[in-house]
Amino acid sequence: MSKGSTSSPGFAAKKRFGQNFLVDKAILSKIVGVAHIANGDRVIEIGPGRGALTKEILATGAEVWAVEIDRDLQAFLTEEFSDTKAFHLVGRDILQASLAEVLEPPFKVIGNLPYNISTAILERLSLERNLFSEAVLMFQREVADRILAVESTSDRGFLSVIARAAFDIEKRFDIGPGAFRPAPKVWSSVLRLVPKPANVFDRPEVRELVSRGFSQRRKMLRNTLSDLVGREPSLDLSRRAESLTLEEWQTLAAVVSSEW
Ligand code: SAM
């Protein structure tokens with residue numbers, strides 16, 4: 001079992017690592033419940049912090065590989081879980097580590113993500129989704145709204161298209177600032193993401209196309225994607241990027257991925 005209390009390890013939360021620690025026990029167990037984590041599961045936890053969520057995962061009988069960048073927290077976690085065989089510390093930057101280097105599949109991914117790099121983490125996970133069966137991740141609520149945004153809404157952007165192409169996504173619940181120490185200024189949302197099979201949106205040239213399409217949101221696609229003019233007659237390029245459905249992006253993707 002783990003040692004002592006994780007509530008006051010004696011050093012301050014670091015803003016640069018997006019450290020807002022969850023202290024609400026009911027929410028911690030709710031997150032683990034959303035991931036259906038059970039005895040025997042293997043879980044990669046992104047950003048374990050002081051180990052509050054980690055303890056909740058370990059209590060189910062699952063084994064945890066916890067990826068933490070902060071050296072102070074690495075030392076704290078090593079001590080805290082020194083007697084726990086099912087705990088494995090991975091002292092790395094998640095953006096520099098391939099999940100395949102952390103653990104052999106299959107596994108689940110869970111994390112109360114550092115908000116400053118949450119979209120970069122999501123983009124990375126989308127490209128490695130063949131390795132895991134599901135991910136339960138916490139985002140700043142505004143970012144979750146952008147991830148979930150459907151076509152013809154103002155939140156629709158590169159992130160929504162890429163995330164929706166890679167995963168079936170459901171929002172499970174919101175969490176107010178009071179559940180964290182220090183309390184953030186914003187609300188948070190927990191999303192459950194189930195990987196979809198590999199598809200055309202995994203190709204770099206297609207991601208680049210979607211990114212260019214949204215680079216100047218007010219402009220028509222025939223301006224932002226001028227190289228496509230005359231190459232895809234079935235799609236009206238006087239439309240704006242945010243109005244396209246995933247299927248319509250797929251139509252455009254087929255043009256660039258076959259011709260480039
Ligand atoms: N899971 C803990 C909780 O819920 O209380 C902590 C969550 S806190 C929002 C984010 C955690 O991610 C911090 O522990 C932070 O040090 C860690 N972190 C930040 N950037 C990271 C990175 N690039 N790679 C791995 N961990 C990172």
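Basis for what follows: all heavy atoms, side chains included, without hydrogens, waters or symmetry-related copies. This structure is a prediction, so every number in the text was calculated from the model and none was measured. Remember, it's 1-based here, ligands and their atoms both numbered in the order they're listed. Heads up: numbering here begins at 1 and tracks the sequence.
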- So which pairs with a foot in residues 20-40 pass salt bridge (Lys or Arg N to Asp or Glu O under 4.0 Å), sequence neighbours left out?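 Residue pairs with at least one partner in residues 20-40: K25-E56.
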- Do NZ/NE/NH1/NH2 and the carboxylate oxygens of E205 and R207 come within less than 4.0 Å? no
- Could E80 and K55 be called an ion pair, given the rule that one side-chain N must be under 4.0 Å from one carboxylate O?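 Judged by the 4.0 Å cut-off on N to carboxylate O distance, E80 and K55 do form a salt bridge.
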- Task: Could you please provide the protein residues found below 4.0 Å of ligand 1 on a heavy-atom basis, arranged by chain and number?
- Result: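 Protein residues near ligand 1 are F17, G18, Q19, N20, F21, L22, E45, G47, P48, G49, V67, E68, I69, D70, L73, R92, D93, I94, N112, L113, P114, I117.
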- Mind checking salt bridge (Lys or Arg N to Asp or Glu O under 4.0 Å) for K171 and listing every partner two or more places apart, or none if nothing turns up? D145, D174
Name each donor-acceptor pair under 3.5 Å that joins a side chain in residues 36-45 to protein atoms two or more places apart or in another chain, with its distance.
unit_1 : atom_1 : unit_2 : atom_2 : d
H36    : ND1    : V34    : O      : 3.4
D41    : OD2    : A38    : N      : 3.0
D41    : OD2    : K108   : NZ     : 3.1
R42    : NH1    : E104   : O      : 2.8
R42    : NH1    : P106   : O      : 2.8
R42    : NH2    : E104   : O      : 3.4
E45    : OE1    : T54    : OG1    : 2.6

- Message: Please verify the inter-ring angle class for H88 with W65; under 30° counts as parallel, over 60° as perpendicular, anything in between as tilted.
- Response: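 The arrangement is parallel - the two ring planes meet at less than 30°.
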